[in-house]
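A short worksheet on the structure shown next.
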Amino acid sequence: MAASKPLEGIELVDCASANAKSGIEVTARQCGYGKDVEAFWQSLDKACQQMGISIDDLNDLVRDRPTSLERGIEIAPDTDYSL
């Protein structure tokens, strides 16, 4: 679901990271910037600088490492008694 107003700060960086694989137009829309890709990029760059993150393009925010669930690994005890 797209944000109802333009996101800023950590929320913007999180949203951009989550949608980065979809491309800049989709990511800008999802982060509440509609079709204003330039305003989205400026806000994202500012938010990243404030957080000490250096990005050259949106692909720098793509998370390459899958989580354990995405890899199909389940961590659980063998039995109820092994808790």
Side-chain angles (χ1 to χ4, degrees):
M1 182 173 176
S4 58
K5 63 178 186 167
L7 300 176
E8 296 178 350
I10 186 99
E11 290 86 11
L12 175 57
V13 175
D14 284 344
C15 181
S17 294
N19 291 285
K21 287 184 179 180
S22 299
I24 196 163
E25 291 85 9
V26 171
T27 303
R29 193 173 334 116
Q30 291 299 102
C31 293
Y33 288 83
K35 295 181 179 183
D36 193 352
V37 173
E38 183 64 30
F40 162 72
W41 183 253
Q42 289 175 356
S43 294
L44 180 61
D45 188 47
K46 179 181 175 184
C48 286
Q49 286 179 6
Q50 290 173 343
M51 295 175 62
I53 300 171
S54 176
I55 61 169
D56 293 320
D57 64 26
L58 196 58
N59 289 326
D60 292 341
L61 294 176
V62 173
R63 296 180 182 139
D64 292 333
R65 296 183 189 105
T67 65
S68 60
L69 290 178
E70 290 172 333
R71 289 183 285 184
I73 298 171
E74 181 178 341
I75 301 170
D78 293 332
T79 67
D80 292 337
Y81 300 106
S82 296
L83 296 174

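This one's a predicted model, so the numbers in the text were calculated from it and none came from an experiment.
The distance from atom SG of Cys31 to atom NZ of Lys5, rounded to the nearest 0.5 Å, is 14.0 Å. Note that CD1 of Ile55 is 9.0 Å distant from CD of Gln49, once rounded to the nearest 0.5 Å. How far NZ of Lys46 is from CD of Gln50: 5.5 Å, rounded to the nearest 0.5 Å. Interatomic distance, SG of Cys15 versus CD1 of Ile10, reported as 12.0 Å (0.5 Å rounding). Once rounded to the nearest 0.5 Å, the distance linking CZ of Arg29 with CD1 of Ile24 reads 12.0 Å.
The main-chain N or O of Asn19 is found under 3.5 Å from a side-chain atom of Thr27 such that the two form a donor-acceptor pair.
Follow the hydrophobic side-chain contacts under 4.5 Å out from Tyr33 and you never reach Val26; the two are in separate clusters. In the hydrophobic clustering of ILVMFWY residues, with side-chain heavy atoms under 4.5 Å counting as a link, Val62 and Val13 come out apart.
The closest side-chain heavy-atom distance from Phe40 to Leu12 is below 4.5 Å.
Contacts classified as side-chain hydrogen bond (donor to acceptor under 3.5 Å, both in side chains) and involving residues 8-17 (residues at least two apart or in different chains) are not found.
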For this session: List the steps and the verdict of side-chain contact (heavy atoms from CB on, under 4.5 Å) for Asp60 and Ile53.
Result: CA-CA 10 Å; Asp60 292 341; Ile53 300 171; over 6 Å; no
